[in-house]
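Scroll down for the structure; my scribbles are underneath it.
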Amino acid sequence: MTREFTEAEVMIALCARLLEDQKTAFIGFGMPQVAAILAQRIQAPQLVQVFEFGAIGPTPLTPFVRNTMGGPSNCYRSIAWTNMNTIFAQAQLGLIDYGVLGATQIDLYGNINSTMLGADYARPKKRFPGSGGANEVASYCWQTIIIMMHERRRFVPRVDFITSPGYLDGTPSARERAGLPAGTGPWRVVTSKALFGFDPDSRMMTLLGVLQGLPPEQVLAEMDFKPLVAAAVEELDPPSAQELRILREEIDPARTIIGRTGKV
Amino acid sequence: MDVLVQGVGDFRFTEPDAIRAWMRERKRREFVDKTLTAAEAVRRFVADRDYVSFDFSSFTRGPLVLIREIIRQQRRNLWYCAKFTLMESTLLVAAGCCSRIDVGFMGLGETLNREVEEGRVKVTEWTNGTLTLRHLAGGMGVPFLPTRALLGSDTLTYSGAKVVRDPFGGKPVALVPALNPDVGLIHVHQADIYGNARCFGPGVSPLETAMASRKVIISADEIIDHDDIRKDPGKTTIPYYMVDAVVYAPFGAYPGGVPGLYEMDFEHFAEYHTLERQGQLKTYLDKYIDSVASDQEMLEQRVGLARLNELRRRATIREGYR
């Protein structure tokens, strides 16, 4: 097998590695679904996926079919089938460990925009579909993981619109002061080139790792703000032969998700 | 309670006592046969300027048969609740039926985004969870419910929510106003002629939508005997007295799937996406809605028995869906 891979494969593999077994994870649409399945096939067979339409603990059937959010293959062999109010209540209650989301735009403090671009809300330069369930996931889950393409236009000093809350203005306890559940917030940002966390004091995004072979300066150059840089930046293994085999042969042979981005 | 922050978005709100009066006078407790054709149900129960809500999505157990009929009858200036919407909000806007959307998640493709950018469709920001919570409040007969979502976000700023100091614990908490849609549209696996309805599998908010809505139209893939309801009452999702009309609609969720019955039609969605990207949704609307008199005619003439049988064949996962 060749070890060439796509940006989506990098993001999915890096995200999947973060998900520990026997934890609960609120899974968003698309790439997060594939990352959660990959984690289940490797180190986290008992990862309990939950979805906004109320499925708890499915073992999604593969091959993964894009757009099956709520369909039988997505909900296969669940523990329970509930509904949206019930599952968001459980997240609000503190039962869900991870939230895994995609995002259009993110800023230094991990605020997420999936609503609009431009300075005037009434006349957006570009409109997007909106929060969906992302605002709840980012508000309630203990550790939110955001998956996104590593592009300069997506990493901005200040998002045009806070669809889903990160650490807001970065001041101490900003989330708690707003009334958000204590101890929650963005935990990791996974991109096609790097892995970020958030500094516990300043709440600023912090470069933790870069994909093997990439100089950190190159990663930083493709962002519109300067994140903090960890004292020791980890070198991240590219997708392994095992990860690629499972992704390409078992989960997404039609390449509906893993084939949607360019090669690294 | 002091209001600390107040969203600027427009929202629908009705006093709980007005809703109680409606429920007392208009929701029939008698067991009467409520079966109607989709055309008749929409004619009687969906009016211009109504606020319309629905359950699930155009991929899974969505009431597409009723959406298509609303388009066919050219309702105008609807306010649509896009709480987990995909294709149907786009179709309603493209057909000129809908001028306001509560977002949620707005829909598939760029059509709606452009309509919003150019100011032709007005939106109020919410989230999927706060929209279902608003249905819960409306369905409970209370004026609002608290939530710890929305806080700190611009989504809140452009919603109709208010942030107050929790009178018990003292921390800020968001309140969302009750929502009582004029019309609730719900597609189910099975219903009896009175409107007792069963849907299997997870749902977005079928019961809350039925409870909150002034007028409820159920479309059902299968009509079952009332006695079957009584034999297995644990399976009832929606009791009859909330329901105003029952539409027998095999493949009513098409091109979406109904779990355990038929799969979604991926080829159809591919056709939709191609036309949507080309700005040719009028072609789509004409082919599947306006040029046919009913859903049955659409299924017979535009989809065909072979395709429908194939979608049934693909629904191999049956566990839990009966």
Side-chain angles (χ1 to χ4, degrees), chain A residues 29 51-56 61 65-73 75-78 80-85 87-88 91-92 111 113 115-116 121-136 138-140 159-165 168 174-181, chain B residues 56-57 59-61 82-84 86 103-107 112-114 116-117 119 123 125-130 132-133 135-136 147-155 157-158 163 166 171-174 200-208 257 259-260 263-264 266 269 315-317 319-321:
Chain A
F29 183 72
F51 290 91
E52 63 179 325
F53 46 82
I56 300 175
L61 272 187
V65 183
R66 197 166 163 257
N67 289 343
T68 46
M69 197 75 172
S73 61
C75 300
Y76 190 61
R77 293 186 66 84
S78 294
W81 285 338
T82 66
N83 54 55
M84 191 173 280
N85 280 320
I87 199 65
F88 278 138
Q92 186 168 243
N111 300 302
N113 179 10
T115 302
M116 51 86 66
Y121 172 77
R123 293 306 294 241
K125 272 195 238 162
K126 182 80 196 75
R127 174 73 207 198
F128 303 116
S131 159
N135 180 285
E136 275 85 8
S139 297
Y140 298 155
V159 289
D160 291 346
F161 191 101
I162 301 179
T163 307
S164 308
L168 304 176
R175 283 176 68 93
E176 287 79 1
R177 273 184 288 115
L180 289 162
Chain B
F56 227 145
S57 83
F59 291 163
T60 308
R61 200 176 48 70
K83 60 182 185 275
F84 191 75
L86 295 162
V103 183
F105 185 88
M106 204 155 49
L112 269 177
N113 296 337
R114 262 196 316 273
V116 175
E117 288 158 18
V123 294
E125 304 299 325
W126 299 94
T127 64
N128 285 353
T130 51
T132 50
L133 192 66
H135 284 74
L136 181 61
T147 174
R148 302 184 76 188
L150 295 176
L151 296 157
S153 70
D154 293 320
T155 308
T157 308
Y158 293 97
V163 180
D166 158 18
K171 292 180 179 174
V173 67
F200 304 122
V204 171
S205 56
L207 179 59
E208 297 93 317
E263 254 300 346
M264 59 188 284
F266 295 104
F269 277 100
T316 52
I317 303 169
E319 293 166 33
Y321 297 121

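Throughout, protein chains are lettered first and strands after them, A, B, ... in sequence-line order, and every chain is numbered starting at 1. Quantities reported herein were computed from a predicted structural model and do not represent experimental measurements.
- Ring centers of Phe161(A) and Tyr158(B): under 6.0 Å apart, within the cut-off.
- For Phe128(A), the part lying near chain B is the backbone, with the side chain staying farther off; criterion is any non-hydrogen pair under 4.5 Å.
- Glu208(B) has its side chain within reach of Asn83(A): a pair of non-hydrogen atoms, C-beta onward, lies under 4.5 Å apart.
- Only the side chain of Val65(A) comes within contact range of chain B, with at least one heavy atom under 4.5 Å from a heavy atom of that chain.
- Met84(A) places none of its side-chain heavy atoms less than 4.5 Å from the side chain of Lys83(B).
- One distance of note links CZ of Phe84(B) with OG of Ser205(B); it measures 10.5 Å at 0.5 Å rounding.
- With chain B as partner, the option from Gly71(A), Ala134(A), Pro181(A) having the largest number of non-hydrogen pairs under 4.5 angstrom is Pro181(A).
- The line from CG of Asn135(A) to OG1 of Thr163(A) is 8.0 Å long, rounded to the nearest 0.5 Å.
- Using a 4.5 Å cut-off between heavy atoms, Met116(A) makes no contact with chain B at all.
- Residue Thr60(B) touches chain A through its side chain alone, counting heavy-atom pairs closer than 4.5 Å.
- Only the side chain of Phe88(A) comes within less than 4.5 Å of a heavy atom of chain B; its backbone N, CA, C and O stay farther away.
- Only the side chain of Phe266(B) comes within contact range of chain A, judged by heavy atoms closer than 4.5 Å.
- In this structure, chain B has no heavy atom under 4.5 Å from any part of Arg175(A).
- Glu136(A) pairs with exactly one of Asn128(B), Thr127(B), Thr132(B) by the side chain to side chain donor-acceptor pair (under 3.5 Å) rule, that one being Thr127(B).
- Ring geometry for Phe53(A) against Phe56(B) counts as tilted: the plane angle lies between 30° and 60°, on a 0 to 90° scale.
- Here Thr147(B) is the residue among Leu86(B), Thr147(B), Asp166(B) with the most heavy-atom pairs under 4.5 Å with chain A.
- Within the 4.5 angstrom heavy-atom criterion, no atom of Val173(B) approaches chain A.
- When the candidates Gly119(B), Ala174(B), Gly201(B) are compared by the number of heavy-atom contacts under 4.5 Å with chain A, Gly201(B) comes out ahead.
- Of the listed residues (Trp126(B), Phe269(B), Phe200(B), Phe59(B)), the one with the most heavy-atom contacts under 4.5 Å to chain A is Phe59(B).
- For the atom pair Leu136(B) CG and Thr130(B) OG1, the distance stands at 12.5 Å (nearest 0.5 Å).
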Quiz prompt | CA sep, side-chain torsions, deciding dist, call: Glu117(B), Lys125(A), salt bridge (charged side-chain N to carboxylate O under 4.0 Å, His left out) | solution = CA-CA 7 Å; Glu117(B) 288 158 18; Lys125(A) 272 195 238 162; over 6 Å; no
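- The parts of Ser131(A) that come within reach of chain B are both its backbone and its side chain, each placing non-hydrogen atoms under 4.5 angstrom from that chain.
- There is no contact between Thr157(B) and chain A, counting heavy-atom distances below 4.5 Å.
- With a threshold of 4.5 angstrom between heavy atoms, Thr316(B) does not approach chain A through any atom at all.
- Using a 4.5 Å cut-off between heavy atoms, Thr115(A) touches chain B through its side chain atoms alone.
- Heavy atoms of Leu180(A) lying under 4.5 Å from chain B belong to its backbone as well as its side chain.
- Put simply, the side chain of Gln92(A) does not reach to within 4.5 Å of the side chain of Ser139(A), judged on heavy atoms.
- Here Pro124(A) is the residue among Ser164(A), Gly54(A), Pro124(A) with the most heavy-atom pairs under 4.5 Å with chain B.
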- Please walk me through it: do Phe51(A) and Ser78(A) pass side-chain contact (heavy atoms from CB on, under 4.5 Å)? CA-CA 11 Å; Phe51(A) 290 91; Ser78(A) 294; over 6 Å; no
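- There is no contact between Leu112(B) and chain A, counting heavy-atom distances below 4.5 Å.
- When atom types are taken as modelled, the side chain of Asn113(A) and the backbone of Ile162(A) share no donor-acceptor pair closer than 3.5 angstrom.
- Heavy atoms from other residues, nucleotides or ligands lying under 6.0 Å from NZ of Lys126(A) number more than 12.
- Considering only heavy-atom pairs separated by less than 4.5 Å from chain A, the leading option among Pro259(B), Ala82(B), Gly257(B), Gly203(B) is Gly203(B).
- Proximity to chain B is limited to the side chain of Leu61(A), based on heavy atoms less than 4.5 angstrom apart.
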